[in-house]
Amino acid sequence: PHVSPKNHARALPLPLSGSIALIGRQAKYMRVQRGGIHSVDSGRTVNMLNVFDDNQVRYKYCDGYGPDSAYDDDLLAQAAECAAGSEFAVVFVGFEDAYDNDCADRFTNRLSKIQTKLINTVAKANQNTVVIVGGSALPKMNWIGKVKAVLYLPLGGDGTAQALYNLIFGFANPCGRLPVSYSLSETDMPCGDTFGVDPEMSQHRESIYVGYRYYNKAGIFPAFPFGYGLSYTRFEYSNMRATPCSGGWEVSVDVR
């Protein structure tokens, strides 16, 4: 279920003829789901580099950071240079396997500091930056205003790279919709004041006010409400009419 939260100025899909910088270790070491267990690819899964090679797409690849989100000034500088020398930059990020798995609770909804810095660095070097987010949930996206587009692809299987290739270049249309409401501010979330406070216990004090129920009750409009998701399809609306009727209004509109 792939979801497109942002696609400014129709940045996606990318043209096959363009030069592309693939940046981020998760393009090469993709996280997949096998047998109900989230895991980092051990080398058996086809990755984005394989798919780009097979389809003869022009690209340059940079890690951006070291294993286990290790900060590396040289790798970060290489990523910036790679992005600046390409027409488009595609950055791959996501939660780390160490705390996004079936055996532990996530203690934060933030990406690692180096991944966030990588996005900001690449976006500064290339105005046509697209971010691919993988993992079990959307992370805090305080960088979303600096990039052109975002694709969210929850953990998939061995065909994840081919599916992403089809989405990036428009051979498939992103048609997924968010199953939850999402706010850019942690304090706006139903459990914002209790999440991660106690490492031994997860406190659920929101009672029935979960998801959109909470946002409706609190009068907060989330950045991405329940059911949100963009499409590559263009829509036109015309002839909107609203007429009073018994008990309310009758609204009609032509959609093309």
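What you are looking at is a predicted structure, and each value in this text was computed from that prediction instead of being measured.
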According to a hydrophobic-cluster definition based on side-chain heavy atoms being under 4.5 Å apart (Ile, Leu, Val, Met, Phe, Trp, Tyr only), do L178 and V131 belong together?
yes

Residues that Y232 engages under ring pair (Phe, Tyr, Trp, His ring centres under 6.0 Å), provided they are two or more places apart:
none

According to ring pair (Phe, Tyr, Trp, His ring centres under 6.0 Å), who are the partners of Y209, at least two apart in sequence or on a separate chain?
none

With distance as the sole test, does [X] use its side chain to make a donor-acceptor pair with the main-chain N or O of [Y] at under 3.5 Å?
X    : Y    : value
Q26  : G94  : yes
N55  : V57  : no
R256 : Y237 : no
N50  : N47  : yes
D188 : L184 : no
D72  : L75  : yes

Sequence neighbours left out, what pairs pass salt bridge (Lys or Arg N to Asp or Glu O under 4.0 Å) with at least one residue falling in residues 220-232?
none

From [X] [atom1] over to [Y] [atom2], what is the distance, rounded to the nearest 0.5 angstrom?
X   : Y   : atom1 : atom2 : answer
E81 : C62 : CD    : SG    : 8.0 Å
S69 : E96 : OG    : CD    : 3.0 Å
S19 : F88 : OG    : CZ    : 7.5 Å

Listed partners of [X] passing side chain to side chain donor-acceptor pair (under 3.5 Å), at least two apart:
X    : answer
R213 : none
S185 : T187
R234 : none

Does the pair D73 and Y71 meet the rule for a side chain to side chain donor-acceptor pair (under 3.5 Å), with working shown?
CA-CA 7 Å; D73 283 325; Y71 190 94; 3.1 Å; yes

Taking atom types as modelled and ignoring hydrogens, do the side chains of [X] and [Y] form a donor-acceptor contact shorter than 3.5 angstrom?
X    : Y    : result
N128 : K148 : yes
D74  : Q78  : no
D53  : Y59  : yes
D63  : Y61  : yes

Looking only at non-hydrogen atoms, find the nearest pair between V122 and A89 and report the distance.
CG1-CB, 3.6 Å

Compare every heavy atom of I220 with every heavy atom of P222, then report the nearest pair and how far apart it is.
CD-O, 3.4 Å

Non-hydrogen side-chain atoms of V91 and W143 separated by less than 4.5 Å
no

Give me the ring orientation class for F52 and F169: parallel if the planes are under 30° apart, tilted from 30 to 60°, perpendicular past 60°.
tilted

